[in-house]
Amino acid sequence: MTQKVTPRSKDYFRWYTDVIQKAELADYAPVKGCMVIRPYGYALWENIQQGLDRRFKATGHVNAYFPLFIPESFIRKEAEHVEGFSPELAVVTHGGGKKLEEPLIVRPTSETIINAMYAKWVRSWRDLPILINQWCNVVRWEMRTRLFLRTTEFLWQEGHTAHATPEEAEEEALRMLDVYADFAENDAAIPVFKGRKSDAERFAGAVRSYTIEAMMGDKRALQAGTSHNLGDNFARAFGTQYLDRNNELRYVHQTSWGVSTRMVGAIIMVHGDDQGLILPPKLAPYQVVIVPIWHDEEEKARVLATVETITGQFGEAVRYKVDDREEYSPGWKFNEWEMRGVPLRLEIGPRDVAEGQVVLARRDIGGREGKSSASMEGLVGIVQEMLDKIQANLFARALKFREDNTREPTDYEEFKAAVENGFARSYWCGSAECEATIKEETRATIRCIPFDQDGKKGKCIYCGREATEKAIFARAY
RNA sequence: CGGGGUGUAGCGCAGUUGGCUAGCGCGCAGCGUUUGGGACGCUGAGGCCGGAGGUUCGAAUCCUCUCACCCCGACCA
């Protein structure tokens, strides 16, 4: 399996799929559009889960689990929602050898079934807010699939909250977008634009959708997380009402927000290089790989004894892997673990043992430049410091790349060139016609209308009418 | 759904003017020598050539039909 991957510079998408399979993150499943997430990929996902779950808990959310099957009639209750999701539903028509009275939908998302329950649970203003998240799988029958980025079945978390007022729901939607952005930038080392979706890109059934958008290594955009203010759309469809302090019956206002295994794809595409993966230390299954080197049994004993004192030092503070396989040479292992994206490699041979030091090799900086030696004494501190540096460097590098490839074109010709090869930040008049025409002519869509605006006015990049906001346009995954 | 492509050993492929025993590289197993940037030798295991029909003395190879997967578009986290 550990053959070289197609160079990223040569064929970006081949590189992407090669890396996933050769690094053993995932493999194609026997069912079209589905993938098997292998232990190494799943460990990465578990770290993503932990990073997010910790933040959800810290903002007052609790986890729960709702069923996989949703009665077909539920999906129909919210008009825009049914229209948005119908084409991609998997439907169960038989169970236990008999045709079902009512077909069951395999959840594509859980707004409907959760609202059916919330409608039961909510009676009084005292029952609010409900702040529930669930970790689960969902199924969307997409025509075109790509490992991690879009699979028929995928793993995600979906938060579903219910609030007394529109203001609280809005506040919640924005809070969770901040949580996502914080996770993306600090844990995944992926810089994101936070902003609002255009109406055309809005979630089916939402009042407003917010998103974090990231630039991949091929300069295309990827929506890395979304947060929706659902208003009272689902509450009206499901009759989710409560009595307020004045004994008046009111609909709840809701949000939903999600991050999926797509985040794994984002990490691969943002940080990887020709050698393969580069994983951010905060999420890497192994932060450090230790490669012991020896020539004979006597050296082996000494080297491994030293390795043991090091791993003893690491304890729980560092996630490490000792690669003491005898069937591979050190050089082979170096290449293997670089391909698998381990942020830091520690080499220990007889020379190091004699000198009381180890060799450190950074994954983010190749060749000699990334190598240094460190004393065995207090190594854990040095390693942690270096992991922090790598984390910071990955973010800085990704940010610079995004900035270098985000342009502010002054006319439509420049705009077309810009979205050909990066992001364009341009005034947009807000009309769906301009948006649709741009999409048709350039294949670029509005990724978001960033919160970060300069407050100035300008002319729409397409029609020239007055515009008050700039949008990020790009080709997207 | 439209367009393109691929199915032969675990992986990557060759073989396809029909021809006898289906081959190569990597990987895998055993033994030995190796090990600081993808080591080497020897021995060996592993195939109803995607499936079904047909043509033929003879089919991986020709014909028909099917199935699966990948890539490019439209749809989407």
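Any value given below was found using the heavy atoms of this structure, including those in side chains, with hydrogens, waters and symmetry copies removed. Residue numbers begin at 1 in each chain, while the letters A, B, ... track the order of the sequences. Treat the numbers as computed from the prediction; the structure is a model and nothing was measured.
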d(CD, E327(A); P, U33(B)) in whole Å: 17 Å

Given G36(B), C70(B), C75(B), the nucleotide with the shortest approach to the side chain of Y28(A): C70(B)

Euclidean distance, atom CD of residue E347(A) to atom C1' of U35(B) [Å, nearest integer]: 13 Å

Gap in Å between the two C1' atoms, one belonging to A74(B) and one to G38(B), rounded: 43 Å

Distance-only donor-acceptor test (3.5 Å): side chain K333(A), base G36(B): no

Atom pair distance, as rounded to whole Å: CD1 in I290(A) and P in G36(B): 19 Å

K32(A) NZ - C67(B) P separation (whole Å): 12 Å

Whether Y286(A) and W337(A) hold their rings parallel, tilted or perpendicular, with breakpoints at 30° and 60°: perpendicular

Partner of E338(A) by side-chain hydrogen bond (donor to acceptor under 3.5 Å, both in side chains), out of R345(A), K333(A), Q275(A): R345(A)

Between U66(B) and C28(B) - P atom distance, rounded Å: 41 Å

Of the listed nucleotides G36(B), G38(B), G37(B), the one nearest the side chain of E336(A): G38(B)

Check: R443(A) side chain, G73(B) base, donor-acceptor under 3.5 Å: no

K194(A) and its salt bridge (Lys or Arg N to Asp or Glu O under 4.0 Å) partner, picked from D182(A), D178(A), D452(A): D178(A)

Touch class at under 4.0 angstrom, heavy-atom based, for V359(A) against every strand present: base

Distance in angstrom units between F13(A) CZ and G73(B) P, rounded: 10 Å

P spacing across the pair G51(B) / C11(B), given as an integer number of angstrom: 15 Å

T445(A) and R447(A): side chain donor to acceptor below 3.5 Å: yes

Close side-chain approach of M176(A) and T59(A), heavy atoms under 4.5 Å: yes

Candidate nucleotides A39(B), G36(B), C75(B), ranked by approach to the side chain of P350(A) - the nearest: G36(B)

Sub-4.5 Å side-chain heavy-atom contact between W141(A) and T152(A): yes

Same-atom distance (P) from U21(B) to C49(B), integer angstrom: 14 Å

Integer angstrom distance from the P of G46(B) to that of C24(B): 15 Å

Nearest-Å distance once atom P is located in both G23(B) and U35(B): 37 Å

Minimum-distance nucleotide to W332(A) side chain [options: A39(B), U35(B), G37(B)]: A39(B)

Y180(A)-F183(A) aromatic ring centre distance below 6.0 Å: no

Sub-4.5 Å side-chain heavy-atom contact between E201(A) and Q223(A): no

Aromatic plane relationship, F85(A) with H81(A) - under 30° parallel, 30 to 60° tilted, over 60° perpendicular: tilted

Out of G36(B), G37(B), C75(B), whichever nucleotide has its closest atom nearest the side chain of N335(A): G37(B)

Strictly under 3.5 Å: I want the nitrogen or oxygen pairs between protein and nucleotides 29-31 of chain B, one per line.
none

Euclidean distance for C1', A39(B) against G27(B) (whole angstrom): 16 Å

Integer-rounded Å distance: U35(B) P and E299(A) CD: 10 Å

Euclidean distance for P, C70(B) against U8(B) (whole angstrom): 15 Å

Among C75(B), C70(B), G36(B), the one nearest R351(A) by side-chain distance: G36(B)

Length of the line joining L147(A):CG and C69(B):P, which is rounded to integer Å: 13 Å

Spacing of D296(A) atom CG relative to G36(B) atom P, expressed in whole Å: 14 Å

First of G349(A) and K439(A) reached from the 5' end of RNA chain B, by closest nucleotide: G349(A)

Closest to the I293(A) side chain, choosing from A39(B), A74(B), U35(B): U35(B)

